[in-house]
Protein chains: 2
Amino acid sequence: MAYEPPRIAVTTDIVLFTIREGVLQVLLLRRAIPPFINVWALPGGFVELHEALEDNARRKLHEETGLDNIYLEQLYTFGALGRDPRERVVSVAYVALTPADDLHPEAETRAGTVAWHRVDPLPALAFDHAEIIAMARQRLVAKLDYSTIAFQFLPPQFTLSDVQDIYEIIQGQPMDKRNFRKWVLALDDLEETGDYRTGHHRPAMLYRLKNPDLVRITK
Amino acid sequence: MAYEPPRIAVTTDIVLFTIREGVLQVLLLRRAIPPFINVWALPGGFVELHEALEDNARRKLHEETGLDNIYLEQLYTFGALGRDPRERVVSVAYVALTPADDLHPEAETRAGTVAWHRVDPLPALAFDHAEIIAMARQRLVAKLDYSTIAFQFLPPQFTLSDVQDIYEIIQGQPMDKRNFRKWVLALDDLEETGDYRTGHHRPAMLYRLKNPDLVRITK
DNA sequence: TTGATTAAGTGTAATGTAAACACTTATATT
DNA sequence: AATATAAGTGTTTACATTACACTTAATCAA
């Protein structure tokens, strides 16, 4: 007599962060179907039988935003009883980061309304998605300190002030300009492009990442 | 027409570490049934429909070792296609820590032979369990540096040298005794018991944790 | 009982890292 | 031509980390 294991619905949920309007924002979908109809929720969906977990997360994100090839890392797996009112669902949550400019979500998609929302305050959220976003924020804040994750918020070319803005926004406190620039250049992950961004002030050197897709642990 | 999500077998795998014989060891079971019959594997098993993920991990660990109330944290979720030859299986991996003395696995249990194994070198392992153990080791080494996780390897009373031994074994390098003691006492997580451990040398003060079950982030 | 062995216990000086701090420069705007 | 704006740049101080050696109290063996 062979043991037949229970089989459980598995989903991914993606916490896609960006920096917009000077604050941290997260991508949410207004649900078009029950449960939690018309309530904001994280993008994601059921994992197919022949689909790897991360592939599912990337696919769902692509379907709902058009985004491709962005930074994505597994966050945590949420499997509490009752987190979905329909049936037992285990959800593998991911954190994703993108520069704001890369995405102007169309107002309407198949899944409903897609929009950026400030993380403070968040609207009412479906399922345990508020908890998932809270954990994702913690991870983001922690990784800022010991990795080069922050650059994933930036377009291919950026100024040192752009970088400092990311850190100040996420950490919620100003940093010393000279110390910051010394520190960020000492990482040795940046190189000058030779181009400048002009404005009605002194032009700023544009930098790029030496390895654009590499997120490195710095300590 | 309602969408019917695919349903997938979900397991936990537990990487239970201890320090024994002066090295890091991991608890393995020799599988008594296919697939991978007679091959060493991590403890764990299928998640029941009405069982929380962590509850399943604790239950399996208890069934296979008798251990209760030990330190356990979620590590990562492994969901690659083909990682189980029978069918699609998503596995939520946990890291657990215990003092060596707390467990003398009986040679035979229902699930097969249970034994401690050195992590260097590991025997051949079933499924992707070598990969899981590798990630668990990385997590352990990293957390040693920014949390009080190391104390979970120690019995209720221990000397400062016992603590230093844990760090030296896991990090694989000696540390300065005076600096280490200053640092560990500065954590302010320890208190003297007033008792001493004697040997054929000067007696050593026994310490205890102020909060035995608390693993704290230290930076 | 005495000497040898073992691990416990203890402080200071040197080095390296992080933090504090203010003015000059180059563009756009009026 | 004057003003406004953000870019760019070094040095000093404080703090944290590292390096380093001898004394003490027990057990064991002669």
Side-chain angles (χ1 to χ4, degrees), chain A residues 19 21-22 141-148 150-151 154-155 157-208 216-219, chain B residues 19 21-22 141-142 144-148 150-151 154-155 157-169 171-208 216-219:
Chain A
I19 306 279
E21 303 162 348
V141 170
K143 282 207 125 168
L144 220 60
D145 243 45
Y146 66 86
S147 82
T148 58
F151 296 108
L154 291 165
Q157 300 201 128
F158 47 84
T159 68
L160 296 187
S161 295
D162 290 342
V163 185
Q164 187 170 348
D165 287 344
I166 302 293
Y167 275 84
E168 291 184 340
I169 288 165
I170 296 174
Q171 297 183 156
Q173 54 183 332
M175 303 176 81
D176 179 85
K177 192 198 226 180
R178 279 174 292 189
N179 291 340
F180 182 85
R181 293 160 91 93
K182 259 179 293 180
W183 170 80
V184 79
L185 291 175
L187 289 176
D188 198 32
D189 286 318
L190 300 188
E191 59 188 13
E192 300 189 348
T193 62
D195 293 332
Y196 292 84
R197 180 191 297 165
T198 58
H200 62 143
H201 52 76
R202 180 168 172 178
M205 172 60 74
L206 286 164
Y207 289 81
R208 72 170 81 86
R216 195 170 66 76
I217 304 298
T218 55
K219 53 175 142 184
Chain B
I19 306 280
E21 304 163 346
V141 169
L144 220 59
D145 243 45
Y146 67 86
S147 81
T148 58
F151 296 108
L154 292 166
Q157 300 201 129
F158 48 83
T159 68
L160 296 187
S161 294
D162 291 342
V163 184
Q164 189 171 345
D165 287 345
I166 302 292
Y167 276 83
E168 291 184 339
I169 288 166
Q171 296 183 157
Q173 54 182 334
M175 304 177 80
D176 180 84
K177 193 198 230 182
R178 279 173 292 191
N179 292 339
F180 182 83
R181 294 160 91 94
K182 261 180 293 180
W183 170 80
V184 78
L185 291 174
L187 290 175
D188 200 32
D189 286 317
L190 300 188
E191 58 189 12
E192 301 188 347
T193 61
D195 294 331
Y196 292 84
R197 179 191 298 163
T198 58
H200 62 141
H201 52 77
R202 180 170 173 177
M205 172 61 72
L206 286 164
Y207 290 81
R208 72 169 82 86
R216 196 170 64 76
I217 303 299
T218 55
K219 52 176 147 187

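Proteins come first, then strands; the chains are lettered A, B, ... in the order of their sequence lines, and each starts at number 1. Nothing here was measured: the structure is a model prediction, and the numbers come from that model. Below, each value reflects all heavy atoms present in this structure, side chains not excepted, and no hydrogens, waters or symmetry copies.
Closest-nucleotide positions on DNA chain C for A/W183 and A/P203 were compared, and the one nearer the 5' end corresponds to A/W183. When each of A/H201 and A/K177 is assigned the nucleotide of DNA chain D bearing its nearest heavy atom, the one mapping closer to the 5' terminus is A/H201.
One can place CG of B/D176 at 13 Å from C1' of C/dG9, the figure rounded to the nearest angstrom. In this entry the distance linking CZ of B/F180 with C1' of D/dT17 reads 15 Å, nearest Å. Atom NE2 in B/H200 sits about 17 Å away from atom C1' in D/dA30, given to the nearest Å. Distance CE (A/M175) to C1' (C/dA20): 14 Å, rounded to an integer number of Å. When the C1' atom of D/dT9 is taken as reference, atom CG of A/L185 falls 12 Å away, rounded to whole Å. Atom CZ of B/R181 and atom P of D/dA19 are 18 Å apart (whole Å).
Between B/D145 and B/Q171, some side-chain heavy-atom pair lies under the 4.5 Å cut-off.
Comparing atom distances between the A/N179 side chain and each of C/dA8, D/dA7, C/dA20 picks out C/dA20 as nearest. Taking every side-chain heavy atom of A/R202 into account, D/dG8 is the closest of D/dG8, D/dT18, D/dG10.
For B/R216 (side chain) and B/L187 (main-chain N/O), a donor-acceptor pair under 3.5 Å exists by modelled atom type.
To the nearest 0.5 Å, atoms CD1 (A/I19) and OH (A/Y167) are separated by 11.5 Å.
With A/Y207 as the fixed residue, the side-chain contact (heavy atoms from CB on, under 4.5 Å) test singles out one of A/V163, A/L190, A/D195, A/D162: A/L190.
The phosphate of C/dT27 has neither OP1 nor OP2 within less than 4.0 Å of any side-chain N or O from A/T198. Neither OP1 nor OP2 of D/dG8 sits under 4.0 Å from any side-chain N or O of A/R178.
One can find a donor-acceptor pair under 3.5 Å joining the base of D/dT11 and the side-chain atoms of A/K182.
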